[in-house]
Amino acid sequence: MHGRVKVRTSEEEKARKEKERQEKLKHFKYAMAKIFTKRKNAEQDQEQLDLTGKVLTSNPDIYTLWNIRREVLTVLSKTSDSEENVSKLYDSELSLTEYCLKINPKSYCSWHQREWVLTTRSNPDWKKELALCDTYLKLDERNFHTWDYRRFVVSQCKPPLQEEFDFTTEKIYDNFSNYSAWHYRSKMLLELYPDLKGGRPIQDNHHKHELKMVQSAAFTDPDDTSAWFYQRWLLGAVKATVQVVAFIVTPRKTTIAWNKCVSFDYVNNNINVYFNNNITSGKWISCNGHEHDDLWILEHNEEIGNDIDIKIEHRQIDEEKEIINCKQYAPCVYVGKNKINFQNQYSEPVVQELTEQLKACRQLLVLEPDNKWTLLTTTVFLHCINAKLYHKEVVENLQILKDLDSFRAGYYNDLITKWNIEQQLPSDYQDDSLHYKNGFKEKLTSLPHLQYYSYCKTVDLSNQDLTSMTLPFLVKLQHCKELDLSGNKLTTLKGFPNLELEILNLQDNSNLSSEDIELFKQKHKTIKVIF
Amino acid sequence: MDENLPNHFNVIVVGTGVVESIVAAACSRIGKEVLHIDCSDHYGGLWASYNFDGLQKFIKEVKTEPNKHSQVYNMEEKWYINKDPPQEEPKEESEDGKAEPAKKVWSQADFTTEYRKFNIDMTSKLLFSRGPLVELLISSNIARYAEFRCVTRVLTWLNDKLMPVPCSRADVFATEAVSIVEKRMLMKMLTSIVGYNDEEMNNEFKDWNDKTFKEYLTHKGLTPNLIHYVLFAIAGGTERMPCMEGVRECKKFLMSLGRYGNTPFLWPMYGSGEIPQCFCRLCAVFGGWYCLNQPIDSVETKTDDDGKSVVVVGSKLKTLKCDHLVIGIDECPKDFISSEPVETCDISKAIFITNGTMMASEKEPLTLFRFPPLNDEQTCVTVLEVGPATGSCPKGLFVVYFVTNKVKDAQSDLMPYAEKIFDMSGGDQTETSDKPKCLWSLFYNVKDTSAAVTSGTDCVHVCAGPDAALDYDRAVHQAEEIYKKICPGQVFLPRAPNPEEIVFEDGATPGPEFQREDEDAEGDKE
């Protein structure tokens, strides 16, 4: 009977595939050998392009071959007789990359080659490139290579940003699990709608709209983290000014603490220090030895006695001047403290929107009290709307979250630590004590904002939950003489910074070995270590 | 019938409906000798798709030869447009040439001219993206013969108007019709139904066996809007739908989401009539014989000399013998159909051709609309609207199918629903209104033959006709059951090889490269 189908058995099929594979390998080896010989002989010609092209169409990720092609193209474009031929050469290179990207849309080398061609040739067609990005993002809306390439193309051809912004909207509505789209959107948002009058990063109405949109995504699929990240970014998009928080002058050392890290140039250009109304010159050195730091040391030649009038002047970016006068706290110890405030400063309409969203979250919490994301968002909203007013509730929620989401208990502990310290700092900055002690019952698990306490002479960190990982942060305690670290969870003293301590209490750190202590004592002979 | 046609087959299949065609393909695939015949000149029987001319012939046949189509009755065709195109010259373009072209005025003559552009289904159904038919098409490699489009939206009737139902994640995110809290509730409800394993399922629903799905949804704190979406649009139910049935329907819907498009459904290009033909094609590729236009006269069962049962099928030209006869219920002699009364409910159907979609959208929509019952007697009306992109009709038109369980007759059952979404007045087509104009309608009832029918003998297998359900699940299931009786212990439609996996025996010249055969399919129908 004719026409009956006989199907290859899997054995036959396997043998056939293997034969095909061997054949392919032979071709590949032959071509590679020939390419390298030609390169050795500096034969930079069309044949070399054909050879490498052929191999690349089946293996687009051999970057060496792309490198060779660039060499050849550079030579050929110089020796070519007409502009037209050069153009053709580059056009066919673009077709090759396009072909390769069809095989592997995430081929780093192919995307890079394309970028090279367009920046090298004299007549790049950016519109076409943008259209190519559209096509590729239609096929895979989450291919970050394409998004990256799109940003490059946009930086070159500068299409209306509004169109780019609308493009992200479209992609997000297709599928909001898309970090690239949210990220690109955040960039567009800052460019398109900055609130110049209010000095805020984003105009009210847009800030509100974005918050609404991301809330909708987050509650549609709380397990998708992309929306939460964008929401956090939006909540953090507040007016942020660089501020001096504390200035300390003692005979041994003069330091300036900032609310955030600043560069050497910034400190050098924007700070004037006056001793009895005379400008003091000196050299600024960062406390951690890096280019950016939030605590800087001034090396100067002033004699520090008593009753000196010391002040510093900070020229801010908007050219306003911030002046901080120092007060004598102890013999030859002068401290100047600024007014500090950790509350996020949103505009009134944004606060309203947040308050409304908080209401929705609270409604949801009644329905599903054990939902981690709802509780966390509620907590973050509370903190953002009025950290002081809601502090107790915030900490309670974080305690519950430690149980609900035990994998991230450490993160919640650190948040409690940070937000407790932010509550305590403003009142500590009101009085004249040179002593710091955690005023909350929750134990510290990390040491954020420690530069704010750089003025303290005695620091009591006893009976907290600090591990050895936090030791490097102690470098901020530049004026500390007595440090109590007893009753913590230290396991080693590695990473302990150089401080001018007189007394260090290390008692009740059960995992700290006496060898460790001995080594430490030898290294820091001037410190009296209690153990 | 061909002179060379053998006298004996393993299996003779009579009728080319979905069930018959699947069985034919499955038997042929494992090497059974199969003869597949149909009394009419086209494939599909009641599952067929017709172009406009073919449909007219079918309507005429139903009227003039009621015995030939005994399953169909109460057929009412109506035109709402003139016979001939308007006489006046088309308006001249305004001076700037930019004026929008006037809306086309359709006439009956236009339908006749463009008859080939129609593919109108007698049985319109959707495939669940993860339903048994899709899985079967993939696992058997028959999907290569078919092409599908995704249903783009699911609509419902809420507060006396059409509303899109947010059913996928992207929809829920984008909709402004529900609040944040509702979004969370809806997604939680939907994801939990999908996610329950057996044990959780038993725990969650142990007290719900005798309660309605609506009671369950209310208990879960869903707002009235959400209950409407889930109960009517997603589960396709009614107020009385039992809880467990609702959960099952929801699960089926949700499991199929996210595979191919924004909704869980696929629609076969060129109409549902393509589905049986795909299976016939595979049957033919594996050596099945095909004879259309071949009515049978008699069916007898005999015992041959070896004591084996043989079915003898009499036809005009030849008497054929086979080990198994698979026969569609509409061609089956009455004495093989069990006379036991089965509780069935006939089906009311309607087809409308309109000059626009029922609800405007940016791109051409392909719509599933489950119309909640307007009165207590009825069940929901399933509405499918397909446009030119599906190959169902010429540009500018839409074909809309209505299906529900029969209460009185098709026209009285369905007209009240049609009037809600169409302008049935037959007035000026150029007039802009919020409802599309109905240009043509066809109402008919179909007997429900989907309840499993037994033949009384082991070697005659009766196949059910189309049911009122949205999907093909019942047909696929029945085909598999019949196949298991004919070929016990054999795999049901194992994967068919691709052309490159086929070896040609020495001397045999390979034919032209294997291609999709859309052209052939068109030819077959005419």
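This is a predicted model, so every value here is computed, not measured. Letters A, B, ... are given to chains in the order of the sequence lines, protein chains preceding strands, and every chain is numbered from 1.
- Residues that satisfy the side-chain contact (heavy atoms from CB on, under 4.5 Å) test with E23(A), not counting sequence neighbours, are K26(A), H27(A).
- Contact tally against chain A (heavy-atom pairs below 4.5 Å) for V181(B), T175(B), V172(B): the top residue is V181(B).
- Residues of residues 130-146 of chain A having a heavy atom under 4.5 Å from any heavy atom of chain B: none.
- Only the side chain of D224(A) comes within contact range of chain B, with heavy atoms under 4.5 Å apart.
- Considering only heavy atoms from C-beta on, K187(A) stays 4.5 Å or farther from R151(A) through its side chain.
- Checked against the 6.0 Å centroid threshold, W208(B) and H219(B) count as a close aromatic pair.
- Of the residues listed (T377(A), N371(A), D370(A), T378(A)), the one engaging T374(A) in a side-chain hydrogen bond (donor to acceptor under 3.5 Å, both in side chains) is N371(A), and it is the only one.
- Under the 4.0 Å criterion applied to side-chain N and carboxylate O atoms, E18(A) and R21(A) are assigned as salt-bridge partners.
- Aromatic rings from W182(A) and F229(A) are positioned such that their centres are separated by 6.0 Å or more.
- R150(A) has a carboxylate O that lies under 4.0 Å from a charged side-chain N of E164(A), or vice versa, which qualifies the two as a salt bridge.
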